[in-house]
Amino acid sequence: MGTARFSLLRTLADGEVHSEERIERTLNFSPVEVSKLIGELETLGLRVLKRKSGYCLEDRVELYDANLLAERLERESPELRLDVLDECTSTNTALAERARAGAVHGTVLVCEHQSAGRGRRGNAWVSAIGASVTFSVLWRFSQGAGTLAGLSLAIAVAVAKALERLGVRDVCVKWPNDLFCGERKLGGILIETTGDAAGSSAAIVGVGINMRLGASVSERIGRPATDVVTNCKAVPSRSAVLVELLASIVSTLERFSREGFAPFRQAWLERHAWQGRRVVLSQADRRVAEGEVVGITEDGALELASERGIRRFHSGELSLSLE
Ligand code: BTN
């Protein structure tokens with residue numbers, strides 16, 4: 001869905017000065033509309049400067065290249081049905097609505113700007129326009145939701161491998177499905193499933209990757225975070241990142257639906273940030289265990305060793321122990 005303010009943003013995205021007269025003529029906006037839309041862009045966190053000869057953005061913005069996306073997806077992931085939105089609240093929320101209305105297997109929603117991006121455990125997912133890659137994939141499984149344990153870990157491996165192929169250094173995974181570079185978070189995965197434990201099921205696989213974090217976004221995230229730009233010599237475009245991620249995720253989803261998590265376990269362990277470290281596991285913000293990370297099981301459960309022996313956990317949040 002194209003919005004008027006994004007039509008203006010597309011014109012200004014290159015960071016060059018564009019005359020008012022040309023903007024009004026090419027976009028068919030009145031002067032009053034242009035100044036209203038500029039105000040809207042500023043509320044989205046962009047700075048629009050008024051120059052003698054027209055308007056420009058303080059910093060250029062990298063938007064998706066629709067032609068490149070269509071062409072490369074057609075070639076590399078023809079099974080996907082891609083829809084690129086200018087704006088939505090959250091691609092997971094929007095895709096869940098479409099899934100309830102019958103959207104087909106393989107529908108992908110990509111969005112330039114999420115106004116209410118969601119993270120795990122009710123957290124917000126913060127990103128700025130042109131500075132992250134955020135999308136969701138609808139995947140329908142013939143088996144029940146009970147068989148999807150470990151899916152989020154398999155997707156973390158798919159994302160890590162795609163980022164490595166794009167030249168991002170030192171990508172690692174943190175249980176259950178965070179993407180880290182060193183001790184800083186690079187991206188996250190939010191999987192929401194529907195269906196019976198036994199019948200068929202569906203998953204909305206939401207992925208958010210930081211491409212470039214400005215100071216204000218880093219501040220709003222409030223936790224150590226990093227981005228692709230910092231961890232990559234030849235920075236790929238957002239479109240190239242999206243295409244690579246989708247291809248990797250699709251092949252993982254296909255294999256996972258046949259074989260479950262087991263074939264992805266070794267690749268996950270090879271990238272495990274906190275293997276052997278002493279950690280605290282919390283559930284619903286309550287500390288429930290502390291111990292040394294032994295590894296993960298064939299269905300993605302975390303194994304922790306403590307004086308009480310080895311215990312397995314299927315959900316929770318990890319932090320490094322201060323001891
Ligand atoms: C996390 O680490 O907490 C998970 C973050 C997941 C963010 C992505 S961005 C695309 C999709 N839409 C959302 O609202 N969330 C996911």
Side-chain angles (χ1 to χ4, degrees), residues 1 64 69 80 82-99 103 107-139 151-160 162-163 171-181 183-194 202-213 217-218 220-228 238-239 241-246 248-249 253 268 271 273-274 282-285 300 302 315-319:
M1 196 195 333
Y64 288 115
L69 283 181
L80 296 179
L82 177 74
D83 196 355
V84 184
L85 307 178
D86 285 346
E87 311 185 58
C88 70
T89 51
S90 143
T91 53
N92 265 41
T93 307
L95 189 53
E97 276 163 26
R98 292 194 187 189
T107 302
V108 179
L109 268 195
V110 178
C111 189
E112 294 283 11
H113 170 60
Q114 292 188 124
S115 57
R118 296 188 289 113
R120 289 174 54 239
R121 304 190 308 137
N123 291 328
W125 180 258
V126 180
S127 55
I129 295 175
S132 69
V133 171
T134 52
F135 63 92
S136 304
V137 181
L138 168 63
W139 206 256
L151 176 61
S152 65
L153 284 80
I155 297 296
V157 171
V159 172
L163 294 172
V171 182
C172 47
V173 292
K174 182 195 146 203
W175 188 84
N177 57 5
D178 283 341
L179 277 305
F180 268 57
C181 279
E183 296 295 322
R184 293 177 169 269
K185 184 157 166 170
L186 176 69
I189 295 163
L190 176 67
I191 298 192
E192 295 173 304
T193 57
T194 54
I204 307 278
V205 177
V207 177
I209 302 293
N210 302 324
M211 284 296 292
R212 48 176 65 78
L213 290 172
V217 172
S218 296
R220 279 166 60 212
I221 291 174
R223 274 176 291 183
T226 189
D227 54 18
V228 167
R238 288 171 74 227
S239 302
V241 172
L242 176 63
V243 170
E244 194 69 39
L245 287 172
L246 285 172
S248 189
I249 287 171
L253 285 164
W268 195 95
R271 293 167 177 79
W274 290 356
S282 312
Q283 287 172 345
D285 288 332
L302 180 80
S315 66
E317 195 65 18
L318 285 190
S319 55

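Read the numbers this way: they start at 1 and go in the same order the structure lists the ligands and their atoms.
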Would you call [X]-[Y] a salt bridge at under 4.0 Å N-O?
X      : Y      : value
Glu112 : Arg238 : yes
Arg98  : Asp83  : yes
Asp178 : Lys185 : yes

Just jot down the ligand 1 atoms closer than 4.0 angstrom to any heavy atom of [X], in number order.
X      : answer
Ser90  : 12 (N), 13 (C), 14 (O)
Gly117 : 14 (O)
Gly119 : 1 (C), 3 (O), 4 (C), 5 (C)
Thr91  : 10 (C), 11 (C), 12 (N)
Ser136 : 11 (C)

Derivation and outcome, side-chain contact (heavy atoms from CB on, under 4.5 Å), residues Val157 and Ile155: CA-CA 5 Å; Val157 171; Ile155 297 296; over 6 Å; no
In the protein, which heavy atom is nearest to [atom], and how far is it?
atom                    : value
atom 2 (O) of ligand 1  : Lys185 NZ, 2.6 Å
atom 3 (O) of ligand 1  : Arg120 N, 2.7 Å
atom 12 (N) of ligand 1 : Gln114 OE1, 2.9 Å

Would a 4.5 Å heavy-atom cut-off, applied to side chains only, mark Val110 and Leu82 as touching?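 In short, these two side chains touch, coming nearer than 4.5 Å.
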Kindly indicate whether the side chain of Arg118, heavy atoms from C-beta on, has any atom under 4.5 Å from the side chain of Asn92.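 In contact.
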Where on Asp178 is there a heavy atom closer than 4.0 Å to ligand 1, on the side chain, on the backbone, on both, or on neither?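 Just the side chain.
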Region of Ile189 that comes within reach of ligand 1 [heavy atoms, distance under 4.0 Å]: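 Only the backbone of Ile189 comes within reach of ligand 1.
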If you measure every N or O of Trp125 against every N or O of ligand 1, does any of those distances drop under 3.5 Å?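 No, there is no polar N/O contact under 3.5 Å.
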Heteroatom proximity flag, Thr134 to ligand 1, N/O under 3.5 Å: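 There is no such contact.
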For Asp227 and Arg184, run salt bridge (Lys or Arg N to Asp or Glu O under 4.0 Å): C-alpha distance rounded to whole Å, both residues' side-chain angles, the deciding distance at 0.1 Å, then the answer. CA-CA 9 Å; Asp227 54 18; Arg184 293 177 169 269; over 6 Å; no
If you measure from each heavy atom of Asn123 to ligand 1, is any distance below 4.0 Å?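 The answer is no, since Asn123 has no heavy atom less than 4.0 Å from ligand 1.
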Any donor-acceptor N or O pair under 3.5 Å, side chains Gln114, Thr91: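 A pair is found: one side chain offers a donor N or O, the other an acceptor, under 3.5 Å apart.
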Heavy atom to atom 7 (C) of ligand 1, shortest distance: which of Arg118, Arg121, Glu317 holds it?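 Nearest heavy atom to atom 7 (C) of ligand 1 lies in Arg118.
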Rounded distance [0.5 Å steps], CG in Leu245 versus CZ in Phe135: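 Reported value, rounded in 0.5 Å steps: 4.5 Å.
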